Amino acid sequence: WGQFAGTSGNYQTTLQSYQGCDSLVRQQVIVKPAIIVSLGVKSLCEGDCITVFGEDYCDGGNYGILGESFLGCDSLVNFSLLVLAPVAQINGNAVLSCNNTTVELTSASSPGTKIWRSLPSNAVVASGNTYNATQPGTYTLTVTASAGGVLCVRTDTVTVTGNTVPPTVTAVGGLLGCASITAQISANVNDPMPTYAWSGPNSFSSTLQAPTVGVAGTYVVTVTASSNGCTNTATAM
């Protein structure tokens, strides 16, 4: 009757009837309480959302969302979001060589179970934060995080290459005679900056590409390539 009633109860007022007499009007008011719903903790994979009252919620945290129930009354929905964010990121040098016979592959910091596999066989080769690869090939890291019945999986792949080809070496001998008491021997290599290690009679040794010798015999040169640390040998007489 021109006023708002916000409390449950029986209300009445006296009005004047069409006959000019008093008219007692009564009205019962029932105020329905807000419906409070608790959804508990909801687990999500990073990038996923849940929808409450037409709005998407994607970030972790605690929420109390006020909306309208099916009765047209206030409805409070309480919930917490746990966002699972496993990270699959492989770090590390991915080249094997004679100098570097093992490549350590490491995973970025992240919660979850970490499994390393070799492709294309998909065989499990390790678990945990690191894997030491000793063979060229393709390797994949799978990181799995789970909570509340939700499973979140992320993967990363790396190719480990191998450079273990030895250098090509040829050795050229010399001639000792009455007119020449020394001779020069040499090595030819297909590497731009190799190192040399000669050995021969009378404990001969040299690190030169073309040393001079004064004793007849067999000389062996071991060449180490600067590009990958691989070695090869050749013989000069």
Side-chain angles (χ1 to χ4, degrees), residues 43 45-48 82-147 150-172 185-201 203-211 218-237:
S43 299
C45 295
E46 187 177 37
D48 293 341
L82 174 62
V83 178
L84 303 176
V87 176
Q89 177 184 324
I90 301 174
N91 304 316
N93 179 16
V95 179
L96 291 169
S97 68
C98 295
N99 281 332
N100 185 28
T101 58
T102 300
V103 169
E104 184 181 59
L105 303 176
T106 62
S107 60
S109 177
S110 167
T113 302
K114 300 177 180 181
I115 301 296
W116 300 84
R117 288 183 169 85
S118 175
L119 300 179
S121 66
N122 209 37
V124 175
V125 294
S127 61
N129 291 324
T130 62
Y131 171 61
N132 292 320
T134 59
Q135 297 294 327
T138 301
Y139 299 91
T140 183
L141 169 65
T142 301
V143 182
T144 304
S146 61
V150 175
L151 197 66
C152 304
V153 180
R154 297 291 186 269
T155 60
D156 191 21
T157 301
V158 66
T159 298
V160 176
T161 59
N163 181 9
T164 57
V165 178
T168 300
V169 184
T170 58
V172 179
I185 57 177
S186 63
N188 298 313
V189 190
N190 64 342
D191 186 80
M193 297 180 64
T195 58
Y196 304 90
W198 288 90
S199 63
S203 301
F204 173 83
S205 65
S206 176
T207 58
L208 299 176
Q209 179 183 5
T218 301
Y219 293 83
V220 177
V221 61
T222 299
V223 178
T224 302
S226 60
S227 58
N228 59 11
C230 296
T231 62
N232 204 352
T233 61
T235 301
M237 299 180 67

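Because only heavy atoms are used, hydrogens play no part in the values below, and waters and symmetry mates are left out as well, while side chains stay in. Every value quoted in this text rests on a predicted model; they were computed, and no experiment measured them.
Partners of S107 by side-chain hydrogen bond (donor to acceptor under 3.5 Å, both in side chains), not counting sequence neighbours, listed by chain and number: K114. Y196 meets the ring-ring contact (aromatic ring centres under 6.0 Å, His included) test with no other residue; sequence neighbours excluded. Residues meeting the side chain to side chain contact (heavy atoms under 4.5 Å, CB included) test with T170, sequence neighbours left out: N188. Partners of S227 according to the side chain to side chain contact (heavy atoms under 4.5 Å, CB included) rule, which considers only residues two or more places apart in sequence or in another chain, are D191, A225. With sequence neighbours excluded, the residues that form a side-chain hydrogen bond (donor to acceptor under 3.5 Å, both in side chains) with N228 are N163. In terms of the side-chain hydrogen bond (donor to acceptor under 3.5 Å, both in side chains) criterion, residue partners of Q89 (sequence neighbours excluded) are, by chain and number, N91.
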Next item on the list: Kindly determine whether T224 and C230 satisfy side chain to side chain contact (heavy atoms under 4.5 Å, CB included), including the steps that lead there.
Entry: CA-CA 6 Å; T224 302; C230 296; over 6 Å; no
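Taking the side chain as every heavy atom from C-beta outward, V221 and V169 approach each other to under 4.5 Å. Looking at S199 and S205, their side chains never come closer than 4.5 Å, going by heavy atoms from C-beta outward. Taking the side chain as every heavy atom from C-beta outward, R117 and T142 approach each other to under 4.5 Å. For the pair W116/I90, a side-chain contact is recorded, criterion being any heavy-atom separation below 4.5 Å from C-beta on. The closest side-chain heavy-atom distance from V160 to L105 is below 4.5 Å. The closest side-chain heavy-atom distance from T161 to P136 is not below 4.5 Å.
V143 and S110 make their closest contact through CG1-OG, 4.1 Å (heavy atoms, listed as atom of the first residue, atom of the second, distance). Scanning both residues, G200 and Y219, for their nearest heavy atoms gives CA-CD2, 3.7 Å. Here the closest heavy-atom approach between residue T102 and residue N100 is recorded as O-OD1, 2.7 Å. Closest approach of N232 and P167 over heavy atoms only: ND2-O, 2.8 Å. Contact record, W198 with L208: NE1-O, 2.8 Å, taken as the closest heavy-atom pair. In plain terms, the two heavy atoms of L84 and V150 that are nearest each other are CD1-O, 3.9 Å.
Once rounded to the nearest 0.5 Å, the distance linking OG of S127 with CG of L141 reads 11.0 Å. To the nearest 0.5 Å, the span separating OG1 on T144 from CG on L151 amounts to 5.5 Å. To the nearest 0.5 Å, the span separating OG1 on T101 from CG on N132 amounts to 10.0 Å. Remark: L96 CG to T164 OG1 distance equals 8.0 Å, nearest 0.5 Å. To the nearest 0.5 Å, atom CG of residue L119 and atom OG1 of residue T140 are 5.5 Å apart. Taken from OG1 in T195 to CD in Q209, the straight-line distance is 11.5 Å, to the nearest 0.5 Å.
In this structure, Y131 and Y139 have tilted ring planes: the angle between them lies in the 30° to 60° band.
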